[in-house]
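One structure is given below, encoded as structure tokens.
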Amino acid sequence: MRSTPLTFCAAAVVAATLVPASAALADSDSGSAQEKGRASLTASPSLVAPGGEMDLRLEGCKGREAAGVSDVFVSEARFSPAADGGLFAEARISSDASPGDYDIRVDCKDGKGAGAAGKVTVIDRGRATPLAPVAAGGGGTALFAGRDARQEGPGAVHAVIGLALAAVAAVAVAFRSARRRRPATD
């Protein structure tokens with residue numbers, strides 16, 4: 001059983017669950033971002049595979065519009081008012097993005113030059129590969145798919161056994177034929 005890949009996948013899921021929560025708790029200074037006169041950006045999820053999407057939430061921006069940019073985004077993220085306050089945008093990660101950390105910069109369109117910054121981490125999702133061939137279709141021939149073609153067919157041992165069986169069959173036929181030709185003596 002291959003438990004190592006399963007262990008790493010479980011650890012990645014736990015990390016992806018805990019990282020956004022820890023990022024939300026990271027701004028534990030006295031007073032909120034709005035009270036300090038600066039905007040705060042929350043990116044969810046913070047770990048994204050190439051071609052994936054992420055949600056951006058901006059708090060503390062006085063205007064009703066903002067724009068977010070990053071080297072990893074396909075295009076500029078345009079923020080608009082969210083139903084529960086603040087500003088909201090969706091961003092798509094470039095499908096050819098390399099794994100690593102990328103900065104996000106957001107400028108509020110409130111005329112006061114307020115803005116926010118954040119980070120997104122692009123992860124390498126790898127390529128899915130099967131652990132073993134699936135024994136389906138072709139009458140189970142997938143089990144033999146990994147064998148080398150030189151191992152196919154009879155070898156020298158099989159040829160010798162086949163010749164010996166043919167010789168025994170020829171002798172048996174000869175004796176039977178000879179027995180039929182003899183006249184019965186009673």
Side-chain contact test, heavy atoms from C-beta onward, threshold under 4.5 Å: evaluate it for [X] versus [Y] and give yes or no.
| X | Y | result |
| --- | --- | --- |
| Thr121 | Val48 | no |
| Val120 | Val72 | yes |
| Ile104 | Leu56 | yes |

Minimum heavy-atom separation for [X] and [Y], please, with both atom names.
| X | Y | result |
| --- | --- | --- |
| Phe88 | Ala82 | CB-CB, 3.9 Å |
| Ala66 | Val106 | CB-CG1, 4.0 Å |
| Lys109 | Cys61 | N-SG, 4.5 Å |
| Pro50 | Ile93 | CA-CG2, 4.2 Å |

Atom [atom1] of [X] and atom [atom2] of [Y]: how far apart are they, to the nearest 0.5 Å?
| X | Y | atom1 | atom2 | value |
| --- | --- | --- | --- | --- |
| Leu47 | Met54 | CG | CE | 9.5 Å |
| Arg57 | Phe79 | CZ | CZ | 10.5 Å |
| Leu87 | Glu59 | CG | CD | 8.0 Å |

> Do Ser44 and Asp55 have side-chain N/O donor and acceptor atoms under 3.5 Å apart?
Replying inline: no
> Just wondering, more than 12 heavy atoms not from Arg78 lying within 6.0 Å of its CZ?
Replying inline: no
> Between Ser98 and Asp124, does a side chain to side chain contact (heavy atoms under 4.5 Å, CB included) hold up when you go through it step by step?
Replying inline: CA-CA 8 Å; Ser98 299; Asp124 183 17; over 6 Å; no
>> Using a 3.5 Å distance criterion without hydrogens, assess whether the side chain of Ser70 forms a donor-acceptor pair with backbone atoms of Asp103.
In response: yes
>> If hydrophobic clusters are built by linking Ile, Leu, Val, Met, Phe, Trp and Tyr wherever their side-chain heavy atoms come under 4.5 Å apart, do Leu165 and Val157 end up in the same one?
In response: yes
>> Under 4.5 Å between side-chain heavy atoms, counting indirect links through other Ile/Leu/Val/Met/Phe/Trp/Tyr residues: same cluster for Leu41 and Tyr102 or not?
In response: yes
> Do NZ/NE/NH1/NH2 and the carboxylate oxygens of Glu90 and Arg92 come within less than 4.0 Å?
Replying inline: no
